[in-house]
Amino acid sequence: MPDSIVIIPTYNEKENIERMIHKVFSLVHDFHLLIVDDGSPDGTAKIVKSLQRDYGEKLFIVERTGKLGLGTAYIHGFKWAIANHYDYVFEMDADFSHNPDDLLRLRQACIDDNDAVIGSRYIKGVNVVNWPMSRVLMSYFASVYVRFITGIDIQDSTAGFMCYRRKVLETIELDKVKFVGYAFQIEMKFTTIKHGFRIKEIPIIFTDRTAGTSKMSKGIFKEAVFGVLQMKFNSIFRKYPEG
């Protein structure tokens, strides 16, 4: 039984998903792959299911009805990974903004006595390619804002390229993670730290998608701004048992 599962949420990723699946399965470590598709009208799920004939019990898909949000997709995937006893659980985008080769580095960093590892755009300068300056600044200063409000020492709190040990996901009360967009990633890191787990950031180069359409919206960013304040306030009255 392989020890690692990569969770990729999808919505209209037909231009990327087949290449991504082939790439993950070409890596030297034996990763399994779970696609959580939110009813993509472009046929993303159909492509994944056609590839299951080639990859058998390494490639899995969960199909959901409607666009239910990034956060709920990952929570569903985390519960699936726990139920299937994977030791290392990864978050990754479908659009190659995260380099699949870096999965190996995230996994090794987790093995090296860390409970969660962030593929960080900002731990060594700003490593972002092909983003407009306005979006770079928005993302960078979002993490500055999060550090100021929450006090957590994370340079890239909105990062979506992650590796978690299973014990982290078993300890966190996943049903209490409520945010679905940008703020979901912040809430997961904040909660992981509040439970006493060790998080490490390793540098990656983030390259904006060249195919498909970005899912970023003003509503997602607004959720992050106000969600961080709500999250910090709620944490005052919540107990976080150490894992």
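Without hydrogens or angle criteria, R165 side chain to N114 main chain gives a donor-acceptor distance under 3.5 Å. Side-chain N or O atoms of K14 include none that pairs as donor or acceptor with a backbone N or O of G43 at under 3.5 Å. Using a distance-only test at 3.5 Å, with no hydrogens or angles considered, a donor-acceptor pair links the side chain of K189 to the main chain of A159. A distance-only check finds no donor-acceptor pair linking the side chain of H32 to the backbone of I5 [under 3.5 Å]. Here the side chain of S139 pairs no donor or acceptor atom with the backbone of R135 at under 3.5 angstrom. Checked by atom type and distance alone, the side chain of Q155 never pairs as donor or acceptor with a backbone atom of E201 at under 3.5 Å. In terms of modelled atom types and a separation under 3.5 Å, the side chain of S97 and the main chain of F206 share no donor-acceptor contact.
A donor and an acceptor atom, one from each side chain of R64 and T72, are located under 3.5 Å apart.
Within a 6.0 Å radius of CG in L137, other residues, nucleotides and ligands contribute more than 12 heavy atoms. More than 12 heavy atoms of other residues, nucleotides or ligands shown are found within 6.0 angstrom of NZ on K58.
Heavy atoms only, all atoms of each residue included: F184 and E91 are closest at CE2-OE2, 3.9 Å. Counting all heavy atoms, side chain and backbone alike, D37 lies closest to S40 at OD1-OG, 2.5 Å. P9 and L70 get closest at one heavy-atom pair: CG-CD1, 3.7 Å. Shown here for D38 and G69, the closest heavy-atom pair between the two residues is OD2-N, 3.3 Å. Of all heavy-atom pairs spanning G160 and Q185, the tightest one is CA-NE2, 3.6 Å. Residues K124 and N127 approach most closely at O-ND2, 3.1 Å, considering heavy atoms.
Note: the hydrophobic cluster containing Y74 does not contain L68 (ILVMFWY, side chain heavy atoms under 4.5 Å, direct or indirect links). Note on I123: it does not cluster hydrophobically with F148, by side-chain heavy-atom contacts below 4.5 Å among ILVMFWY residues. Under a hydrophobic-cluster definition in which Ile, Leu, Val, Met, Phe, Trp and Tyr are linked whenever side-chain heavy atoms come within less than 4.5 Å, directly or via other members, V6 and F96 are assigned to the same cluster. V28 and M20 fall within the same hydrophobic cluster, defined by Ile, Leu, Val, Met, Phe, Trp and Tyr side-chain heavy atoms under 4.5 Å apart, directly or through other members. V129 and I202 fall into different hydrophobic clusters, where Ile, Leu, Val, Met, Phe, Trp and Tyr are joined by side-chain heavy atoms under 4.5 Å apart, directly or via other members.
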Donor-acceptor list for residues 99-113 side chains, cut-off 3.5 Å, not counting sequence neighbours:
unit_1 : atom_1 : unit_2 : atom_2 : d
N99    : OD1    : D101   : N      : 3.0
D101   : OD1    : K23    : NZ     : 3.0
D102   : OD1    : R105   : NH1    : 3.0
R105   : NH1    : P203   : O      : 3.1
R105   : NH2    : P203   : O      : 2.9
R107   : NE     : S4     : OG     : 3.3
R107   : NE     : H29    : NE2    : 3.2
R107   : NH2    : D3     : OD2    : 2.8
Q108   : NE2    : D112   : OD1    : 3.0

Could you pull out every donor-acceptor pair under 3.5 Å between side chains of residues 170-180 and any protein atom, sequence neighbours left out?
unit_1 : atom_1 : unit_2 : atom_2 : d
E170   : OE2    : R166   : NE     : 3.2
T171   : OG1    : K167   : O      : 2.7
E173   : OE1    : K176   : NZ     : 3.3
D175   : OD1    : K79    : NZ     : 2.5
K178   : NZ     : D175   : O      : 2.7

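For H195, the ring pair (Phe, Tyr, Trp, His ring centres under 6.0 Å) test picks out Y240, with sequence neighbours left out. A94 meets the side chain to side chain contact (heavy atoms under 4.5 Å, CB included) test with I8, T10, E13, I17; sequence neighbours excluded. In terms of the ring pair (Phe, Tyr, Trp, His ring centres under 6.0 Å) criterion, residue partners of Y122 (sequence neighbours excluded) are, by chain and number, Y140.
Atom CZ in R147 sits 9.0 Å away from atom CD1 in I152 (nearest 0.5 Å). The structure places NZ of K200 at 11.0 Å from CD1 of I118, a figure rounded to the nearest 0.5 Å. With rounding to the nearest 0.5 Å, the separation of CE in M138 from OG1 in T158 is 8.5 Å. Taking CD1 of I199 as the reference point, atom CD1 of I154 lies at 4.5 Å (rounded to 0.5 Å). One distance of note links NE2 of H22 with CZ of F25; it measures 10.0 Å at 0.5 Å rounding. Taken from CG in D153 to CD1 in I193, the straight-line distance is 8.0 Å, to the nearest 0.5 Å.
Relative orientation of the F161 and H98 rings is parallel, given thresholds of 30° and 60° on the angle between their planes.
Within the 4.5 Å cutoff, no side-chain heavy atoms of N16 are placed close to those of T44. Under the 4.5 Å side-chain criterion, counting only non-hydrogen atoms from C-beta, T192 is not in contact with D115.
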Query raised in the report: Which is it for L229 and Y145 under the side-chain contact (heavy atoms from CB on, under 4.5 Å) test, yes or no, and what are the steps along the way?
Result: CA-CA 10 Å; L229 291 168; Y145 170 73; 3.4 Å; yes
**Report entry** Trace of the side-chain contact (heavy atoms from CB on, under 4.5 Å) decision for V48 with L51
**Finding:** CA-CA 5 Å; V48 176; L51 292 171; 5.9 Å; no
Requested in this report: Take M162 and M188, measure what side-chain contact (heavy atoms from CB on, under 4.5 Å) needs, and give me the verdict at the end.
Outcome: CA-CA 10 Å; M162 294 283 303; M188 283 295 300; over 6 Å; no
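Under the 4.5 angstrom side-chain criterion for Ile, Leu, Val, Met, Phe, Trp and Tyr, the cluster partners of F233 are I236, F237.
Among the candidates Y88, F197, Y86, F78, the single residue satisfying the ring-ring contact (aromatic ring centres under 6.0 Å, His included) test with Y164 is F78.
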